[in-house]
Every structure is written in C-alpha cells, then in structure tokens.
Enquirer: 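Please read through the structure below; I'll follow up with questions.
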Amino acid sequence: MAEVKENLKAPPTERQTSKESSPEDLESTVNSAPGDESWTMVSESSMPDDMAADGEGENSKNPEWIPELRQALDEQCGLFEVCRIASGRVLPEDLRVRAWQACLDIPWNADEQSSNFSSWDGMFSLESQSVLREQCKKMIDKCDLETEVEKLSAQSDIESVITAFCSTRKVDYVPHSGWLEILEALVHFELPTSLLYEFFSVILKKYVPKDGPKNEVIHHLFRLIVLYHDPELCNFIDSKRVTFDKFSTTWFASLLAASCKVDTLNAVWDIYFQNDDPFLVMFLGLVLLESQRDQIMERKEDSKEELCTFLKEIPAGMAPEDVVDFYEIANSYLVTTPKSLREANWTTLFGSRPVSPTKRLHIPIPQALCLPVTTDEIVTAATRHSGCRFFVIDCRPPEQYNSGHLVTAFHLDAQLLIQDAPAFNAAVDRLLASQKQAIEANSVAGGEHLCFMGSGFEAEDQYVHMVVARMLQRHHKYVSVADGGYEALLFYIEANALEADRVLAGTDVKKAKGKQTEVVAKPTAVTASSSFFGKLTSAMKTQLPIVKDKVGRK
C-alpha cells in the first residue's frame, strides 16, 4: 500500500477567525486564531517523521520515552500518563498489553479476579453454543499456535469468554458479530482467562457500535462522512448498488481485526486506544477508501459482488509502517468534519457519553440526504468563530429570508431550480464566487463548508433537498444541511437567551418566530417521506405539472 499512500493527501484545514467583526460585512477581515481543539487526536502533534519500515523505528531511534513508560506502567498509571509519554506512538511489544490495560481502564488486578467473569455459573448452555464451539475451533485451527495443547487452551478460553459475556447479559451469541476476530487478536498475548474477558468486554463496550442488530446508524453515518469529503467516490459506490454495510460491517464490528494482519492491527490498536475516541474508526475507514480511490474508480466494469469484495479487503493491504501516516491523515479529515457528527450520535452508537450531554438530531441519520449540522455548531461558528467555518445558504422563499435570517447566511431561492433553471445556475455561481471572496477576505461569513438551511418543515423543504442533491451530484464536497432549519435556530436563540441582533438580521426572535409559523401553517398536499430518496421523489411529484409545462415550451 506504500505506493498508494504517497498519492494520498490530507484535506487542507481552514483558516480560523477570532476577532469580533460584523458578520454581514463580507469584506471585513479578522486575525487568524486556532480552531476548536476539543476534538483532536493525541497523535496529531507527536507522530514521528522518521518511522522506520518495521513500524517501530521510533522506538529504537528515540528510546528515552520507553523507560519512562515502563516505570509509569510499573506504578499502575492510567490513560493520561500513557498518552503523555507515548504521545501516539506505536508501543514496544513488551509493554503493549499493560499500556492497553491502562488505556482501557481495566483494573490492574483483573488477571487475578474479574467480578464479571467470576459471576458466570460456568454453564455452556447458550442456544447457539454448538455454533459458537464450531466457529471457535475453525478460528483456532487457522491461528499460528504450535501445539495441540495451546490450541485447545485458546479455544476453551475464547468459548468461555463469549459464553460468560452472553450469559451475564442474558443474550445469545450472534455469528459474524466480530467478537471472534477481536478475541483472535487478543489470544496471541496468552492472557489469563479473567483478564482476556476484561479486555474483550471493555473493547466491546467502548468501541463497538451498538445501535441495534443491523447497525443501521453506523453504516449510514460512515456513508455520510465519505459523501461529505468525497462525493464523487461515494456516488460511484452508490451507483454500483453497493451499500456501505456490505463491506464495512466487519471493519467496525471487529475494529479492523477481521481485515488487518496481526502486526498491523497491533500498531492500529496502539494508537487507537491512546486516542480514546470510538468515532475514530470511521475516519480510518475513510482513509482506507481514499488510499485505494483510483483503483476503486477504475472498477467500472465490476459487478456489485466484485466491488464489494475488493472494498472489504482493503485493510489487508495496510502494513505496520503505514499506520502512523494513516492516523495523521485520518486526523486531518476528523478536524475538517463538523463536530455535530460525534455529539449527536454518541448515545445511539456507544451508550451514555462521559463528558457532555448528547445533542439530538431532528433528522434521523438513516434518512439524511447529507450530513446534518446542529444549530449549536452553526451559531458557535457564526458568533465565536471556532470549529468548522460554514458558508450558510438560506434556501427559504425570499419573503421568509427577508423577514429574518442568520447574520452570516446568504440567500438562494431553492424554487428557482424548478421554476427557472438558468437563473438558478447563475445564482449558484454567484454564491460560490461570494464564498471564494469571503474565504480570501477571511470574513466571518466565509467558510469551506456549505451548509444549506431550510425552514425546518418537511413540506416546504422539498426544494432544499433537491438543491442539496444537485450540489452532491456535481461533486461539491463539504455539503451539509442545518438540522431543524430556521425554526430550530429560532428555538435555540430563545432557549439559550441569546441576543437576537447578534445572531439574526432584520428582525427579533419573537417577530421572526411568528412570521415563520404563519407562513408554514398554510395547508399543503405534500406528505413527509421517511427516506432521503422519498424526499426527492415527493418534491418532484409536487412540481410535476410545472416541469411538464416548462418542458413543453419552445
């Protein structure tokens, strides 16, 4: 994968702004300042530039940090100390297990006694016990274990761990869940069964998505990430009718254990556990796709099955020496992605969040046409000038926009797409030119990220969906939609007691809210659709008579 890696470029980061300025003044310029650093990998600033070909060259060239890490682990340190000392490096083999234990916050006496494992009654009585036993045997037969005694011991440990895990949680074993692959990666360390159980259970709890049996959200979210950064690649995969779950299920369910070689996986997990961010695997997945982008785009004649097989096996080509570079590039994608992605989906995918409360989305991820961005992030970008910078395009009718809009928002009448296509195209060209000028002027209204805002009401926003789809079809990257639209903005301002004239232009909150409700209260024949394809279909059906009339004109 080395040749492909040389052609893989990280996305450019945006210039940030800090000084107060009139958001409405496109020509105003401000001083650059660091962006929001709350979502940055520990490895970003500490990756070695001279990683040797064996993937651990930094360990031999600059060994001074290794004795410090060894001493800290001897003193039973935690995640913070490991991150401070190792700084996102690939770990020495003799310290790996203890460093992982510290990063995963596994009790240091777990090898002596695991309360969860010890509570198991020792009965092998799962409904799918015979299936589990057979799959354990097949997996162990493929492992590089020398003697039959070692194989039988490993098989017994793995079956015991999964049986205990299922029994204590009153669930049955599900084949092809990624569990066996995770344990296969751990069994090489010859851990005591109780400690093996703790590693397995903590990894599943912290890092494996748990949004239902079909894991719908994780794969739709991954697709939206790819669509956000590389719409052309995403559209190509969609055109081959390959859904993202068909090739990425094993990536996420096993944390790449099902696809990577052992030495590569160890390096991947070294840095992954130090970062302590379950969403990171999706950005590693994005980098994997980008690393093979040219090869994917050339497979136009492949069948659906052939392309799916090719995509699924991409991680197998990654070598240990690739890992550090892949994390650096993954971090570049991560910091150029709206934080709403993580904040709004944490609870759904990984359970309760340890720090801040999760924000809920108005648009369910499986139904989203593109990446939704929360009102909080949009307002923060417009008023505090931190994080991703958005070029907000308000697509409501002119009378609604004029009655009140976000101070940094530009206007695009979405209905022009149907009513006057040339005028619509000209308006889009002017907006993109304005975006370029705003970025060059370092204006608070400028940003690489296009965020389309509708009214927040399904019936009216059909046109907005069509505009977004048009931009994605033309392969514009960084396309998002304001979750909940202008209505959500109004409620956000009111709920947080913000000064309306700092956030809105032309009206105050109460007046804007009254006008907005008054406009959308008119009866409409459009029925809300539950899928993103349905949204486009509904909008097209609504305007079918207009389209036929325009097509018939000469």
Enquirer: Without swapping roles, check the side chain of Asn345 against the backbone of Leu341 for a donor-acceptor pair under 3.5 Å.
Expert: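 The answer is yes, because a donor-acceptor pair under 3.5 Å joins these two groups.
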
Enquirer: Within the structure provided, determine whether Leu369 and Val481 are in side-chain contact (heavy-atom separation under 4.5 Å).
Expert: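 Not touching, per the 4.5 Å side-chain cut-off.
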
Enquirer: Look at Asp263 together with Lys261 and state whether they make a salt bridge at an N to O cut-off of under 4.0 Å.
Expert: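 Looking at Asp263 and Lys261, the cut-off is not met.
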
Enquirer: I need the Leu286 CG to Phe222 CZ distance, nearest 0.5 Å.
Expert: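 Rounded to the nearest 0.5 Å, the CG-CZ separation comes out at 6.5 Å.
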
Enquirer: Within the side chain of Asp394, is there an N or O that forms a donor-acceptor pair under 3.5 Å with the backbone of His411?
Expert: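 Checked: no pair found.
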
Enquirer: Spell out, as yes or no, whether a donor-acceptor pair under 3.5 Å connects the side chain of Thr374 to the backbone of Ser340.
Expert: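 A pair under 3.5 Å: no.
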
Enquirer: Quick check: does any side chain N or O of Tyr463 sit under 3.5 Å from a backbone N or O of Leu416, one acting as donor and the other as acceptor?
Expert: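 The answer is no, because no donor-acceptor pair under 3.5 Å joins these two groups.
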
Enquirer: With a cut-off of 6.0 Å (strictly less than), are more than 12 heavy atoms of other residues, nucleotides or ligands near NZ of Lys312?
Expert: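 Atom NZ in Lys312 is not crowded, with 12 or fewer foreign heavy atoms closer than 6.0 Å.
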
Enquirer: Taking the side chain as every heavy atom from C-beta outward, state whether Val428 and Arg470 have any pair of such atoms under 4.5 Å apart.
Expert: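 With C-beta onward as the side chain, the pair stays apart.
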
Enquirer: Do you see a donor-acceptor pair shorter than 3.5 Å between the side chains of His176 and Thr249?
Expert: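 Side chains of His176 and Thr249: no pair found under 3.5 Å.
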
Enquirer: For Lys300, is there any backbone N or O sitting under 3.5 Å from a side-chain donor or acceptor partner on Lys240?
Expert: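 Checking the backbone N and O of Lys300 against the side chain of Lys240, a donor-acceptor pair under 3.5 Å is found.
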
Enquirer: Working to the nearest 0.5 angstrom, can you tell me the gap between Leu489 CG and Met453 CE?
Expert: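 Rounded to the nearest 0.5 Å, the CG-CE separation comes out at 5.0 Å.
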
Enquirer: Under 4.5 Å between any side-chain heavy atoms of Leu371 and Pro338, yes or no?
Expert: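 Yes. Closest side-chain heavy atoms under 4.5 Å.
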
Enquirer: Please examine the side chains of Asn496 and Val379, heavy atoms only from C-beta on, and report whether any two atoms are closer than 4.5 Å.
Expert: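 With C-beta onward as the side chain, the pair stays apart.
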
Enquirer: Nearest 0.5 Å, please: how far is CG in Asp230 from CD in Glu290?
Expert: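 If we round to the nearest 0.5 Å, Glu290:CD and Asp230:CG are 4.0 Å apart.
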
Enquirer: One pair to check against side-chain contact (heavy atoms from CB on, under 4.5 Å): Asp238 and Arg223. What are the steps and the verdict?
Expert: CA-CA 10 Å; Asp238 289 344; Arg223 178 187 173 276; 2.7 Å; yes

Enquirer: Is a side-chain donor-acceptor pair under 3.5 Å present for His219 with Ser248?
Expert: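 On atom types as modelled, these side chains qualify, holding a pair under 3.5 Å.
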
Enquirer: Measure the spacing between CD1 of Ile363 and SG of Cys370 and express it to the nearest 0.5 Å.
Expert: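 These two atoms lie 7.5 Å from each other.
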
Enquirer: Does a side-chain heavy-atom distance below 4.5 Å link Thr337 with Arg342?
Expert: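 Answer no - side chains too far apart.
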
Enquirer: So which atom in Pro397 and which in Asp413 form the shortest heavy-atom distance, rounded to 0.1 Å?
Expert: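 Heavy-atom minimum between the residues: CA-OD1, 4.5 Å.
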
Enquirer: Starting from the C-alpha separation in whole Å, work towards a yes-or-no answer on side-chain contact (heavy atoms from CB on, under 4.5 Å) for Phe283 and Asp277.
Expert: CA-CA 11 Å; Phe283 292 92; Asp277 186 348; over 6 Å; no

Enquirer: Compare all side-chain heavy atoms of Val503 with those of Tyr492 and state whether any distance is below 4.5 angstrom.
Expert: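 No; the side chains remain at least 4.5 Å from each other.
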
Enquirer: Answer whether the closest heavy-atom distance between the side chains of Val444 and Arg389 falls below 4.5 Å.
Expert: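 Heavy-atom side-chain distance check passes, below 4.5 Å.
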
Enquirer: Show, in sequence, the C-alpha distance, side-chain angles and deciding distance for Thr336 and His229, and conclude whether the side-chain contact (heavy atoms from CB on, under 4.5 Å) test is met.
Expert: CA-CA 9 Å; Thr336 53; His229 291 280; 3.4 Å; yes

Enquirer: Out of Tyr228, Phe391, Tyr333, which residue meets the ring-ring contact (aromatic ring centres under 6.0 Å, His included) rule with Tyr478?
Expert: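 The ring-ring contact (aromatic ring centres under 6.0 Å, His included) with Tyr478 is passed solely by Tyr228 among Tyr228, Phe391, Tyr333.
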
Enquirer: Donor-acceptor pair, Asp483 side chain versus Thr375 backbone, under 3.5 Å?
Expert: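 Checked: no pair found.
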
Enquirer: Which pair of non-hydrogen atoms, one from Ala414 and one from Val467, has the smallest distance, and what is that distance?
Expert: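 In this case the closest contact between Ala414 and Val467 is CB-CG2, 3.7 Å.
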
Enquirer: Do you know the tightest heavy-atom contact between Leu406 and Leu504?
Expert: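 Scanning both residues, the minimum pair turns out to be N-CD2, 4.2 Å.
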
Enquirer: Regarding Arg396 and Glu487, does a basic nitrogen lie under 4.0 Å from an acidic carboxylate oxygen?
Expert: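 Glu487 and Arg396: not salt-bridged.
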
Enquirer: Judged by atom type as modelled, is there a donor-acceptor pair below 3.5 Å linking the side chain of Gln435 to the main-chain atoms of Gly447?
Expert: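 Judged by distance alone, yes, a pair lies under 3.5 Å.
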
Enquirer: How about Phe236 and Leu307: do any of their side-chain heavy atoms sit closer than 4.5 Å?
Expert: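 They are in side-chain contact.
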
Enquirer: Are the side chain of Thr250 and the backbone of Leu256 linked by a donor-acceptor contact shorter than 3.5 Å?
Expert: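 Not at all, since once roles are kept as given, no pair shorter than 3.5 Å links the two residues.
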
Enquirer: Are there over 12 heavy-atom neighbours, none belonging to Lys206, within less than 6.0 Å of that residue's NZ?
Expert: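 Yes.
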
Enquirer: How about NE2 on His475, more than 12 heavy atoms from neighbouring residues, nucleotides or ligands closer than 6.0 Å, or not?
Expert: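 Yes.
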
Enquirer: Could you grab the distance from atom CG of Leu349 to atom CE of Met282, nearest 0.5 Å is fine?
Expert: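 CE of Met282 is found 6.0 Å from CG of Leu349.
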
Enquirer: Is a donor on one side and an acceptor on the other found under 3.5 Å between the side chain of Tyr207 and the backbone of Phe350?
Expert: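 No, the answer is negative, given that no donor and acceptor are paired below the 3.5 Å cut-off.
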
Enquirer: Go through the steps for Ile296 and Ile314 under the test side-chain contact (heavy atoms from CB on, under 4.5 Å), then give the verdict.
Expert: CA-CA 10 Å; Ile296 295 172; Ile314 288 177; 4.2 Å; yes

Enquirer: For Tyr327 versus Val268, what's the shortest heavy-atom pair and its separation?
Expert: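 Distance-wise, the nearest heavy atoms are OH-O, 2.6 Å.
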
Enquirer: Might you point out which heavy atoms bring Cys234 and Phe244 nearest each other, and give the distance in Å?
Expert: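 Answer, listing the atom of Cys234 first, then Phe244: SG-CZ, 4.1 Å.
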
Enquirer: CZ of Phe390 to CD of Glu377: how many Å apart, nearest 0.5 Å?
Expert: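 Taking CZ in Phe390 and CD in Glu377, the distance rounds to 4.0 Å.
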
Enquirer: Testing the basics here: between Phe410 and Ser434, what is the closest heavy-atom pair and its distance to 0.1 Å?
Expert: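 Result for this residue pair: CE2-CB, 4.2 Å.
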
Enquirer: For Ser403 and Gln400, indicate whether the former's side chain and the latter's backbone hold a donor-acceptor pair under 3.5 Å.
Expert: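 Such a contact is found between Ser403 side chain and Gln400 backbone.
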
